[in-house]
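A short write-up of the structure that comes next.
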Amino acid sequence: MSTLRPVASSVLSFDSVTKSYGSRNAVDGLGFEVAERSVTGLLGANGAGKSTTMKLLLGLATPNSGQIELFGALQGTAAFADAVRRTGSQIELPALYERATARQNIEIQCAGFGIGRRDPKIDAVLETVGLSSRSSDKVKSFSLGMRQRMSLALALVHEPELVVLDEPINGLDPEGVVEMRELIRSLPARGMTALVSSHVLDEIERTVDEIVIIREGKLIAEGPIASIITTSGIVLRVPAGNGDAALAALSAAGVTATAFENGEIRAETGEQPGSVIAKLLADAGVYPDELRPQTADLESVFLDLTASGEGES
Amino acid sequence: MFAAELLKVRSMPAPRLTLIITLALVVISAVIVVVIAPEGSASTAYYEVPDLVAQVIISIGAIVLGAWIFGLEFSSKTLRLAATVQPSRQQLVLVKLLSAVLLLLAYVVGVMAITLLLEAILASVGSVAFPFGQQLDNALSAGVEALLWGVFAFGLSLLFRSYTAGLVAALVLALGVDAGLQQIPTVGKYSLGSATSSLGDAITGGAATLALGVALLAVAAWLIVVIGAGAARFITRDLK
């Protein structure tokens, strides 16, 4: 899963990128691609190199080696600066002009992109992030959640093609988390691509199409979320008293199975479809009440992947 | 990008407050002079006192504004934002420098024009002749010196990547250290303060320490070294 996977049309690619701070490699030979109009999650533990990766792609930091290509422009070329202007970003904590109002902050951002102060995009983005009623308030009075919303507004107002969001749900209340998720999910339909990092794996699982997992600056896994959270077996429930018979039938067929106190039996079926297991049990006179694929959640996959290399040199 | 800088000047309180405090101090000095009502040979104080106050305060105000243009981004940590809107660091420095010069020009011209008008009114109140040409030269001289110190403060805040550090360093140099530097034999006369004073003297016709050409070169050297070093650091280093 750690090899570079060809993507039909990518807006961003990292190829063997390394970024060092002193003797420490914050990003170490990293390679991945972000497909156009996808929502890609960048996952990693604290210090894994997520923020550095985002800074590199935005030209805020320069790699020691490797190649970064953004909208076809290579990092280090004049065209890369133009490519960065096609992005909208929020890196680490929201950075805002504290003594200016919410609207003034957005007007300043818009002016940098040639968008006028009376452009309807300003009101629209304030509405989108739910800050219309606070547009005349100074940002210094805002809570962390409101700052996150402001930061998102700044990232979106010029309608960028790539939106880069670092921990966008930090400080949001549950309602805000749902709104943020829906907003990020809606970006591809608006012609945008999103790269999102978060520690909240459950939220990432609900939000993204693709994931890139990094550990100590290195790529651990990359691909569609459905292929990374693979089906690893089958969970079945049989009528009371049939548990032993079911286990015996499965064992006789070479399938490892475990019975649990809640009545579930988990069978490691490998590539075998559920229908084969159902027939196997039926042949033994056991008719399951329930039979479903056993899927791992992102959290367990993430923990497995990021822990598996610990201790390696 | 330049429009964004103008909006920052309009939206943030620092430029407004600097202008208001500067004018308030000049007006207070004018009120004090009117209350004291100097007579005889001291009656020139009607216009000389506000002029002196304006000359001192305008340099401090220019340093505050010069350091603020880049310092704002460092203190509010918005440089990442500015650098993604204008990803060319060279262009970002140029836009900021141009914004600083224009802001300083507007501040200096505005304050000195109002001060001149106030001086003329005060001279009328005190029934004393107002030497407009001489006071205009004084205003131009003070304005040029203030503008140059403001640009120098811009360079220091860029070099130190900090509003506070740039502001404090420029104020300490302008209000204290530079006078010490001027005492160093042979090279002391090329200090920034000495060179800007010489430019001011060239405008007013006073006795200058340095010839006009040498003063221009000395000022250019100071600004190029500080702004150049700050720009080189800003362009080549990663942004936090």
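Worth knowing before you read on, the calculation uses all heavy atoms, side chains too, and leaves out hydrogens, waters and symmetry mates. To find a chain, count down the sequence lines: A is the first, B the second, and so on, and within it residues start at 1.
You'll find the side chain of B/Leu7 reaches within 4.5 Å of the side chain of A/Arg117, heavy atoms only. The closest side-chain heavy-atom distance from A/Gln109 to B/Val85 is below 4.5 Å.
Within a 6.0 Å radius of NZ in B/Lys77, no more than 12 heavy atoms belonging to other residues, nucleotides or ligands are found. Residue-environment remark: CZ (B/Arg10) stays at or below the threshold of 12 foreign heavy atoms within 6.0 Å. With a 6.0 Å radius and a threshold of 12 heavy atoms from other residues, nucleotides or ligands, A/Arg99 has its CZ atom at or below the threshold. The number of heavy-atom neighbours closer than 6.0 Å to OH of B/Tyr190, taken from other residues, nucleotides and ligands shown, is 12 or below. Sparse packing is recorded around CZ of B/Arg237, with 12 or fewer heavy atoms of other residues, nucleotides or ligands lying under 6.0 Å away.
Although no hydrogens or angles enter the test, the distance criterion places no donor-acceptor pair under 3.5 Å between the side chain of B/Arg80 and the main chain of A/Ala95.
Counting heavy-atom pairs under 4.5 Å between each of B/Thr78, B/Leu6, B/Leu79, B/Leu81 and chain A puts B/Thr78 at the top. When the candidates B/Ala83, B/Pro13, B/Ala82 are compared by the number of heavy-atom contacts under 4.5 Å with chain A, B/Pro13 comes out ahead. Of all the listed residues (A/Lys138, A/Glu98, A/Glu92, A/Arg85), the one sharing the greatest number of non-hydrogen pairs under 4.5 Å with chain B is A/Arg85.
Heavy atoms of A/Leu96 lying under 4.5 Å from chain B belong exclusively to its backbone. Heavy atoms closer than 4.5 Å to chain A are found in the side chain of B/Leu72, but not in its backbone. Residue B/Glu5 does not touch chain A at all, counting heavy-atom pairs closer than 4.5 Å. Of the two parts of A/Lys19, only the side chain, counted from C-beta on, holds a non-hydrogen atom closer than 4.5 Å to a non-hydrogen atom of chain B.
Among A/Asn105, A/Ile108, A/Thr101, the one residue that satisfies the side-chain contact (heavy atoms from CB on, under 4.5 Å) test with B/Ser11 is A/Ile108.
Residues A/Ala81 and B/Ser88 share a closest heavy-atom pair of CB-N, 4.3 Å. Shortest non-hydrogen contact noted between A/Ala111 and B/Ala3 is CB-C, 3.9 Å.
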